[in-house]
Number of protein chains: 2
Amino acid sequence: MVWRDDSGKALSDYPRPSLAVDVALLTVRFDDDGDGQLCVLLQQHDDGSASLPGSFVREGERLAEAVRRTVQGKLGLTTRDPRQLSVFDDPGRDSRGHVVSVAHVDLLPERELAGEGAWLLSPVDGTTVRVPGRRRSLRYDHDQIVAVAAGWAQQRHARRPDPSRLLDGPFTLRELRLLHEAVLGVRLQKDTFRRQMIDRLEEVPGRSSGGPGRPAAVFRVAR
Amino acid sequence: MVWRDDSGKALSDYPRPSLAVDVALLTVRFDDDGDGQLCVLLQQHDDGSASLPGSFVREGERLAEAVRRTVQGKLGLTTRDPRQLSVFDDPGRDSRGHVVSVAHVDLLPERELAGEGAWLLSPVDGTTVRVPGRRRSLRYDHDQIVAVAAGWAQQRHARRPDPSRLLDGPFTLRELRLLHEAVLGVRLQKDTFRRQMIDRLEEVPGRSSGGPGRPAAVFRVAR
DNA sequence: ACAATAGTGTCTATCAGACAATATCCT
DNA sequence: AGGATATTGTCTGATAGACACTATTGT
């Protein structure tokens, strides 16, 4: 039984914009030196352009569901804790019609990126995406979405240690700092960083070993 | 010429949720003692319930336009600088069907509230609305929207003096502090408050007069 | 020994919170 | 004079940034 207004029309009888979700999936990629780089996962299109994965929200579907379905379907990956960012509503942003998009962000650890080739991993400098190839920018307004997503990730890493559990198992303060430096895109001083984080960490038995220098204590995020 | 996909369907041929905007219009009401109270403007319904003003977004319309139209049409008021808060997407939040709503907030000075009776002014304590009458809460999920809106206003007033220009013309630090106390819902110490704000203010020639006590310097927001 | 990293001590500048002293009006 | 408010001084505690010193490893 569908609801109808005074003129006998259901909600679906009125012309209205379509609703979509776009997802900026961020990750930190580490090279052999231990240096990290914040990256965003892009879809590569036949015409050489790139975009964030996105799709239309179905009737009765929650945004979080649409996000999970999109990431699973277009990239073959599973989201962990997608967050809503903001709504992009320029009626001309999509040439197919009036599409209002709710931008989302999620942070994935590099190790969960399985299935080579289904996506493109593009570095994010500060809050700007560097797309490889001729084209400098993404389809639609997706450059803006990446910028907002990167800013969100940076705020999130400002005070809390590894808020998205990107590190696998216990870690040293050096590893934690390299992660935060990658997300923030700046160098951090080890002593200040240590004092900011130490209260939110729990020491774990054992020591780091292998590399040069004094072995470091090993921690996990408290509680 | 409408865009069509491979199966010959336009975007509007797919079932999809409706899109709406809801607006939490906040203001600060001052009593004769100079004490202020953060309030939200509500629509009163025939069944005694109350809600925020809201309406459906039309095809080709921007969210900001829908907000302006809604506030003008339902309350007879004009928005100044509406901001997007977040999206409420529970498919069951509206009994008429699947309605996804983008919550907005705007702050209006009390003097711009003309046309008595078209609305209800409800005090907000902390981030909670106190609705007069039997019912304790608002329709739909509008209590949540008010909470987010109040939190937004409080963050906005944490460091910047009168960010929404609620004060009319030059003001004393006392008047500014009473405004911020009303929005934040807490008492502020005058000396600390002065030192936080003074750098962002410009002194204006003249002094306050009339009340008891030493006349105060008069300021406006810098730049 | 030397390079490299870990961990800690300390100094300075800044800032919030709190208290208080002085200044200047009104009644 | 006395009450009320404005304005400024000062003390304390917390914290960020910077520098440096000691500690402990591998080569």
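Lettering follows sequence order; numbering is per chain, from 1.
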Sugar-phosphate only, base, or nothing, as touched by B:Arg195 at under 4.0 Å among non-hydrogen atoms: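 Touches a base.
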Sugar-phosphate, base or nothing in reach of A:Arg194, heavy atoms under 4.0 Å: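 Here A:Arg194 touches the bases of the nucleic acid.
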Round to a whole Å and report the spacing from [atom1] of [X] to [atom2] of [N].
{"X": "A:Arg207", "N": "C:dA6", "atom1": "CZ", "atom2": "P", "result": "11 Å"}
{"X": "B:Phe193", "N": "D:dA6", "atom1": "CZ", "atom2": "C1'", "result": "14 Å"}
{"X": "A:Ile198", "N": "D:dT15", "atom1": "CD1", "atom2": "C1'", "result": "16 Å"}
{"X": "A:Leu188", "N": "C:dA6", "atom1": "CG", "atom2": "P", "result": "14 Å"}

Partners passing ring pair (Phe, Tyr, Trp, His ring centres under 6.0 Å) against B:Phe219 (at least two apart in sequence or in another chain):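 So B:Phe219 forms no ring pair (Phe, Tyr, Trp, His ring centres under 6.0 Å) with any residue.
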First encountered from the 5' end of DNA chain D, between A:Arg159 and B:Ala216: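 Going by which nucleotide is closer to the 5' end, it is B:Ala216.
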C:dA18 OP1/OP2 closer than 4.0 Å to side-chain N/O of B:Gln189: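 Indeed, a polar side-chain atom of B:Gln189 lies that close.
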Any B:Gln196 side-chain N or O less than 4.0 Å from OP1/OP2 of C:dA16: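 For C:dA16, OP1/OP2 do have a side-chain N/O of B:Gln196 under 4.0 Å.
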Closest non-hydrogen atom pair, A:Ala103 against A:Ile145: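 The answer is CB-CG2, 3.6 Å.
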Reading 5' to 3' through nucleotides 20-27 of chain C, protein heavy-atom contacts under 4.0 Å coded B for base, S for sugar-phosphate only, - for none: ---BBBS-
Check ion pair A:Asp81-A:Arg83 (N to O, under 4.0 angstrom):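 Here A:Asp81 pairs with A:Arg83 in a salt bridge, since their nearest N and O are under 4.0 Å apart.
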